[in-house]
Each structure stands twice: as C-alpha cells, then as structure tokens.
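Here's the structure, in structure tokens; my notes come after.
In what follows, every chain begins at residue 1, and chains take the letters A, B, ... in the order their sequences are listed. The model shown is predicted, which means the values in this text are computed figures rather than measured ones.
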Amino acid sequence: MAITHVHSYLVHPGKGLDESARQEIRGTELKLEGKLFAMIERIYTKTRDDCKTSVSFTSDSQQNEARDLIVNYAEAPNANSGQKLAKRLQLSTDGTSGMGLLFLVRGEEGTKVKTLISRFPADVGILAEETKGRLNVEYLEKVFMKNSNKYKAACYEDQSLKTGYWKGLIVDHQIQYGVVRTVSDYWVKDFLASDCLTTPQLGSTRLAKMFDKAIKEAPTAIVKEQLASSAKLIPNLDGKKVSAALLAKQFGLPSLAVDCLKSAATNEEIYQEEFVLHEESFTSILSFESVELNNGAILTAPTGQFDQVFKEEIVDKNKGLKVYRTEGIDTDRRFRKAKP
Amino acid sequence: MRDLTSIYTERFNVVLQRLDEKLCEFLLEVFESHEFVARIFTRPKKIASFLEKAEQQDDAGNAKYKDPLTEIQDQLGALVITRFLSDIPHVESLIDSTFRRIEISTKEPQSAAEFGYIGKHYVLFLPTDITTHFQNEDHPVFFELQIKTLFQYAWSETNHKLFYKNKSDLSTDQKRRMAFVAAQAWGADVLIDEMKIDLASQRSD
C-alpha cells in the first residue's frame with residue numbers, strides 16, 4: 001500500500017479575520033482501512049487523471065512558504081505539520097468559498113514521496129434511510145462532495161524533498177465543466193503561493209500558433225471557418241484560464257475541427273495544458289485574417305475586423321459562391337514574393 | 001547500485017544532449033525577432049564538470065551535495081548575450097514573461113571599489129514545450145540562464161580559463177591586473193552604451 005498517512009481538518013474561512021474571530025481548526029488522523037480510506041485511496045491513485053494543470057511555486061530565492069509547509073508534512077506527516085497547512089488554508093479562504101474539509105494524504109511511490117492535498121467544499125444533503133418498512137429522511141449539513149464544482153486538489157511527487165516539490169499538478173473543478181472561468185485565486189495564488197507553470201504569454205503564443213496551423217491544414221473551407229470563428233472569440237477571454245481542450249469544448253467545435261486542433265498541438269499534454277490567456281500575445285500571432293478565393297484573390301484585414309472591412313454576400317450556397325464588398329482609399333500597393 | 005559517474009554519463013548521453021538541442025531551438029525562437037540579443041549559447045554540463053561540482057565540500061568539509069543529480073541545477077545552461085548594457089532590461093522582460101523561475105540573482109563585486117564578474121543569473125523551469133518531448137524520461141526540472149553583455153562575456157570567459165582554478169595562487173600584481181581587465185570591460189560597456197544613446201539622440205535631431 002502506497003499511502004502512509006492521512007490527516008483531515010475541518011477548515012472554516014478565516015481570511016481577513018482577527019485570530020479571535022477565526023474558528024478553531026479541528027483535525028484527525030485517519031486509519032488506513034475502511035470505506036472512507038478506500039475512497040481517499042481511489043482519489044490518491046487517480047490524481048494523474050484528475051489533476052491536469054501544472055503549477056509551480058513562486059520564488060526569487062528558492063524559498064516559498066507554502067512549499068515549506070508541504071515539504072514539512074511530506075517529511076514528517078503528523079497532526080502538527082498538517083495543522084500548519086490547515087491554518088494556511090484558513091487564512092487563504094474567505095466567506096465566498098465557505099467551509100471545507102481538508103485531506104492531506106502522503107504516500108511512497110518507489111523512491112518518490114507523493115503528497116495529495118484535497119479540499120472538499122461543504123454542502124447540504126438529504127439522508128434517506130430505510131428501517132423496518134419505514135423511511136427516515138433527514139436534512140444533513142456539512143456534507144462534503146468530490147463531485148462539487150468547488151472541489152480542489154494539488155499533488156506533488158518527487159524523489160528529493162530538498163530540491164524537488166517545486167512543481168505540482170492541481171485540479172480545480174470550477175474549470176472542469178466545459179466553462180472557462182477565472183482561475184480560483186485563493187487556491188493557487190494564496191494557499192499554494194503558486195502560478196500556472198506555463199506563463200500567460202508563452203501559453204497564449206503557443207495557442208495562437210496552434211490555431212494558425214490548424215486553420216492552414218484544415219481539409220475544408222467549413223472547418224477553416226469553424227476554427228477561425230473560434231479564434232476570433234478567444235481574445236475576449238483575456239485573464240481567464242484556458243487550454244486548447246477547454247476552448248474546443250467551450251466553443252462546441254465539431255469533431256473534425258477538434259481533430260485539426262489536436263493535430264496542430266505537439267501532443268495531448270500540450271493540448272490539455274492550462275494557462276491564463278494573455279490577449280496581446282495571442283493577437284500578436286494572429287494579427288491578420290486572410291481569405292483566399294478560387295479566383296486567386298486574397299482578402300486580408302486585421303483579426304476581429306474582417307467582417308466589418310469586407311461585407312460578405314452569398315451568391316450560391318450550394319456552390320459556395322460569395323461576393324465580398326469593401327470600400328476605402330488606397331494607402332499602399334505592393335508586390336510580394338509569397339502569398340501572405 | 002550504480003555510481004554517480006555512470007548515472008550522469010547515461011543522463012548526459014541519452015537525455016541532456018537532446019534536451020540541450022530543444023532548449024537552444026526554443027530560446028532562438030523566443031528571441032529571434034528581437035535585435036537586442038547578439039548571441040545565444042546553450043550547453044549540457046560536461047560529465048567531468050558535473051562530477052567535480054558533485055564532489056565540492058562546504059566550509060565544514062562536508063559534501064555540499066547529498067543528492068547531486070537533483071541538487072545541481074545547472075545540468076543545462078543557457079547564456080544570452082547582448083551588445084549593449086541597455087539591452088539587458090529587454091532580455092529580462094522577455095525572460096520574465098516566458099519562464100517561471102525559482103531564483104534570480106545579480107552577480108557583481110561586493111564593493112563599489114572592486115571590479116570583477118558581473119552577470120544576471122536565473123534558475124528557471126524548463127517549459128512544458130520542451131519537457132513534453134521527455135515525458136517518461138528522467139530529466140532535470142530546471143536550467144540556469146545567464147545574461148551578459150559581449151564585454152562581460154569576453155572577460156568572464158578569459159578569466160575563467162586563466163584564473164578560476166588558480167585564484168589562490170595569484171600574486172597581488174596578477175590579481176590587480178585581473179581587476180584592471182574587468183574594469184576595462186565594465187568601462188567599455190558603459191561608454192559604448194552612452195555612445196549608443198548619444199548617436200540615437202543625434203539621429204532623431
């Protein structure tokens with residue numbers, strides 16, 4: 001069995017509150033048996049499937065407080081080291097996020113130490129129990145569900161605790177439901193003192209190149225149009241956490257368009273990797289939109305303005321025949337070596 | 001149990017050289033459209049150099065690195081060279097926006113009266129764009145990146161070759177000459193940069 005220790009803490013929000021106003025954090029060490037442990041073990045084992053976002057601790061001097069606490073727990077998992085992490089979570093959590101049940105799970109995977117930190121948000125539920133022909137129905141407070149869209153987890157695994165544990169994987173269900181949301185700052189930035197491993201500028205540049213390549217290599221005009229339409233909407237998501245996979249889902253791209261986008265990605269990891277969108281970096285790559293007609297004409301306009309610059313009129317839908325109209329004063333005319 | 005030499009030799013031959021190529025390609029792409037970069041170099045740390053570093057001791061005579069394979073963070077190194085001092089902030093800005101780091105430090109003489117090594121050092125995460133090609137392979141997480149001007153680079157290369165291993169054997173006169181050369185490099189950087197600004201100002205007039 002890989003898991004060596006499991007600790008759990010009930011953490012009430014405490015951000016911005018004086019120490020006297022904060023609720024006490026109560027914790028317990030779980031036995032490594034039983035149904036609850038079996039559930040925790042399943043979550044621990046499936047972290048690679050669940051945790052898709054790479055994050056790294058922020059530092060300028062190889063020092064990070066959150067990392068220190070996690071490494072301390074991994075080195076010496078006990079109530080005290082766990083309590084310190086729970087306290088940090090309390091100080092990072094405000095009323096919006098509410099109360100949560102924190103699990104700290106430490107395991108050994110060969111020569112590596114793996115630490116899973118997972119937070120189940122509090123919810124309400126109904127308990128229905130059948131006894132001797134009767135049904136008892138009860139209202140339950142403090143029900144904690146992994147399926148909740150506010151479930152969060154972070155996982156670190158390394159051979160060396162001294163020089164490792166600088167990057168990890170997180171799951172944030174608030175962005176798992178095919179909807180692009182702002183990154184949960186309190187979990188990544190406040191509690192974990194981390195950031196997405198891929199910077200906004202790097203991720204956005206890469207994403208733009210992915211779309212550019214996918215559009216160029218798309219087999220039909222319709223697929224090109226589908227991808228181009230999505231690409232034009234992406235700048236509106238500035239500051240939101242995105243990935244090529246999330247965007248394909250968000251925009252409802254048909255399967256052929258998705259295949260083109262996946263082919264344009266280096267591999268599945270890159271296709272799935274999440275980062276915060278940086279609009280300027282994205283649009284600097286896809287600055288101009290061009291449409292080439294079968295008569296040799298190439299129409300080019302700044303991305304996002306193409307539809308205002310060129311008015312499109314469908315002449316024959318079956319043949320795909322269109323007329324584009326535009327009006328303006330000549331400001332430049334030039335020859336080129338190659339097609340723009 | 002395999003010894004450090006054979007483990008690092010295998011890592012060098014199987015992983016580091018390929019990682020180095022990918023890192024070089026990546027950096028060239030990042031900096032290609034920016035004229036403030038004169039040259040980019042990358043290198044995997046040579047086996048002899050790694051083993052020498054792994055055997056270093058601290059002041060108390062204990063091994064400095066208990067786990068050299070994970071603790072030595074410059075198994076991959078990169079050097080970005082600029083023509084002018086005033087180009088360095090542009091490089092820094094591009095590095096900040098492209099990479100995540102765990103360390104940034106400015107290496108310079110401790111006293112204003114001294115002249116010696118100057119450079120900006122980073123310990124950066126290898127980006128996913130590179131590590132994704134090595135997913136199931138044992139590879140370093142970080143690489144070291146240094147920024148230097150052409151003059152700083154010239155001084156540091158010659159200094160390293162001649163003096164680095166023999167510092168304690170140098171006479172006072174030799175140390176003074178070494179400092180003089182460093183001062184010349186520093187002065188050249190400052191004057192060249194001032195001329196660049198002056199000429200740009202003249203042209204705009």
So, the part of B:Val30 with a heavy atom under 4.5 Å from chain A: the answer is neither

Between B:Phe26 and B:Phe99, does the ring centroid distance fall short of 6.0 Å?
-> yes

- If only atom types and distance count, is the side chain of A:Asp158 paired as donor or acceptor with the main-chain N or O of A:Leu161 below 3.5 Å? no

Interface check, chain B: of A:Thr198, A:Leu197, A:Thr205, most non-hydrogen pairs under 4.5 Å belong to A:Leu197

Ranking A:Asn267, A:Leu202, A:Asp195, A:Thr199 by heavy-atom pairs under 4.5 Å to chain B gives rank one to A:Thr199

Sequence neighbours excluded, the answer for side-chain contact (heavy atoms from CB on, under 4.5 Å) partners of A:Thr47 is A:Cys51, A:Lys114, A:Leu116, A:Cys155

Looking only at B:Thr98, B:Ile104, B:Thr132, the option with the highest number of non-hydrogen pairs under 4.5 Å against chain A is B:Thr132

For residues 24-39 of chain B, the salt bridge (charged side-chain N to carboxylate O under 4.0 Å, His left out) pairs (sequence neighbours left out) are A:Lys209-B:Glu29

* Mind telling me whether A:Phe282 and A:Phe211 have parallel, tilted or perpendicular rings, with 30° and 60° as the class edges? => perpendicular

Contact list (residues 64-83 of chain B to chain A, heavy-atom gap under 4.5 Å, by number) returns B:Asp67, B:Thr70, B:Glu71, B:Gln73

With sequence neighbours left out, the residues meeting side-chain contact (heavy atoms from CB on, under 4.5 Å) with B:Leu28 are B:Cys24, B:Ile40

Turns out that what part of B:Phe142 lies under 4.5 Å from chain A's heavy atoms comes down to side chain

Do the side chains of B:Phe134 and B:Arg18 get nearer than 4.5 Å, heavy atoms only? yes

Decide yes or no for A:Leu89 and A:Trp187: does some side-chain heavy atom of the first lie under 4.5 Å from some side-chain heavy atom of the second? yes

Answer with yes or no whether the side chains of B:Ser156 and B:Asn159 bring together a donor and an acceptor at under 3.5 Å.
-> no

Nearest heavy-atom approach of A:Gln272 to A:Ala245 is OE1-CB, 3.5 Å

Whatever's closer than 4.5 Å to a heavy atom in chain B on A:Ser61 counts as backbone

Okay, A:Glu273 and chain B: the region with an atom under 4.5 Å from a heavy atom over there is side chain

Honestly, the part of A:Asp60 sitting under 4.5 Å from a heavy atom of chain B is both

